[in-house]
2 protein chains.
Amino acid sequence: MQDKITKLFKAIADPTRRDIFHALVIATSALSITQISSQFDISRQGVTKHIKTLEEAGLVYINTNGRERFCNANAKPLKEVSKWVQFYSQFWDNSLQDLENYLNTPKNG
Amino acid sequence: MQDKITKLFKAIADPTRRDIFHALVIATSALSITQISSQFDISRQGVTKHIKTLEEAGLVYINTNGRERFCNANAKPLKEVSKWVQFYSQFWDNSLQDLENYLNTPKNG
DNA sequence: TTAATATGCAACTTTTTGGTTGCTTAATAT
DNA sequence: ATATTAAGCAACCAAAAAGTTGCATATTAA
């Protein structure tokens with residue numbers, strides 16, 4: 001498919017997936033697929049697909065118990081996102097870069 | 001379309017777009033569409049589309065000069081991503097949450 | 001003024017994504 | 001043993017995304 005970091009970015013790009021992830025993070029115990037589904041307007045299969053995407057991004061891991069699959073959130077992979085963003089943080093507070101680019105933009109004459 | 005934060009997440013979810021954004025950030029001067037295109041394997045129109053997506057996410061702004069459009073990166077919107085990630089950072093270093101969920105997962109008997 | 005350049009716009013194609021339904025299977029409860 | 005429940009798998013669908021080509025237009029250079 002695609003590289004790990006892209007999988008991760010894609011996983012959190014979908015609002016429903018962010019919501020599911022959030023629900024798992026704040027949950028006091030692991031949630032089964034059915035339990036998650038009950039909190040969302042989409043079908044159980046829809047949830048299953050989202051969970052799979054989150055799992056492949058490393059944001060969810062699953063604890064199978066009998067016929068149930070208990071989903072846990074794992075925030076660790078978000079460290080990568082944090083690192084990615086952090087590089088650009090040097091450019092956002094001072095608008096030095098903006099000014100520099102502005103001054104370097106060729107003008108008429 | 002969709003909410004601002006989702007636009008932002010979607011914008012950075014595409015690897016080509018991340019590359020374009022990066023090229024603009026590290027560039028010493030603003031780059032025209034043609035200049036950007038020359039650095040990538042996709043067509044000029046493809047680049048134009050990506051730039052539009054980045055622009056709508058607030059990550060790029062454009063300085064038109066005659067027939068040329070000089071693109072600048074703007075990292076500020078990434079603060080939102082940083083904030084989003086930061087909330088989850090409390091869950092990644094201690095694996096307390098993991099342990100808790102593990103203990104709360106129903107077991108046989 | 002004519003040629004070349006930089007770009008936008010529109011239409012179109014392909015692939016991916018987010019979602020669905022139907023059916024099967026395995027585990028549990030009655 | 002039988003019914004119920006939890007879930008996977010496969011096929012399908014519609015919309016969005018990523019990319020293309022062709023053409024029009026405005027600016028600039030020769």
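Chain letters run A, B, ... following the sequence lines, proteins first and then strands; every chain starts at 1.
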Parallel, tilted or perpendicular: rings of His22(A) and Tyr88(B) (30°, 60°): perpendicular

Asp14(A) (side chain) donor-acceptor with Arg17(A) (main chain) under 3.5 angstrom: yes

Contacts of Thr53(A) that satisfy side chain to side chain donor-acceptor pair (under 3.5 Å) - sequence neighbours left out: none

Length of the NE2-C1' vector between His50(B) and dT20(D), whole Å: 12 Å

Expected output: side-chain Arg18(B) to main-chain Ala11(B) donor-acceptor under 3.5 Å: no

Parallel, tilted or perpendicular, as decided by the 30° and 60° cut-offs, for the rings of Trp84(A) and Phe9(A): perpendicular

Separation of dG18(C) P from Ile20(A) CD1 (nearest whole Å): 11 Å

Value in whole Å for how far the P atom of dA18(D) lies from CG of Leu54(B): 10 Å

Output a table of nitrogen or oxygen pairs between the protein and nucleotides 2-6 of chain D separated by less than 3.5 Å.
{"residue": "dT5(D)", "atom": "O2", "partner": "Arg67(A)", "partner atom": "NH1", "Å": "2.5"}

Watson-Crick or G-U counterpart of dT30(C), or none if no pair lies under 3.5 Å: dA1(D)

Identify the pairs formed between an N or O of the protein and an N or O of nucleotides 12-17 of chain C at a distance under 3.5 Å, and give each distance.
none

Residue pairs fulfilling salt bridge (Lys or Arg N to Asp or Glu O under 4.0 Å) with at least one residue in residues 81-91 of chain A, sequence neighbours excluded: Glu80(A)-Lys83(A)

Euclidean distance, atom CD1 of residue Ile36(B) to atom C1' of dT7(C) [Å, nearest integer]: 13 Å

Atom-to-atom span, NZ of Lys52(A) to C1' of dA7(D) - whole angstrom: 14 Å

side-chain hydrogen bond (donor to acceptor under 3.5 Å, both in side chains): pairs with one or both residues in residues 39-49 of chain A, sequence neighbours excluded: none

Non-neighbouring partners of Lys79(B) that pass salt bridge (charged side-chain N to carboxylate O under 4.0 Å, His left out), sequence neighbours left out: Asp93(A)

Sub-4.5 Å side-chain heavy-atom contact between Phe70(A) and Ile62(A): no

Atom-pair distance (CG on Asp41(A); P on dG19(C)), nearest Å: 10 Å

Complementary nucleotide of dA30(D), counting Watson-Crick and G-U pairs under 3.5 Å: dT1(C)

Between P of dA26(C) and CG of Asn65(A), the distance in whole Å: 17 Å

Touch class at under 4.0 angstrom, heavy-atom based, for Thr48(A) against every strand present: sugar-phosphate

Along DNA chain C (nearest heavy atom to each residue), the more 5'-positioned of Ala13(A) and Gln45(B): Gln45(B)

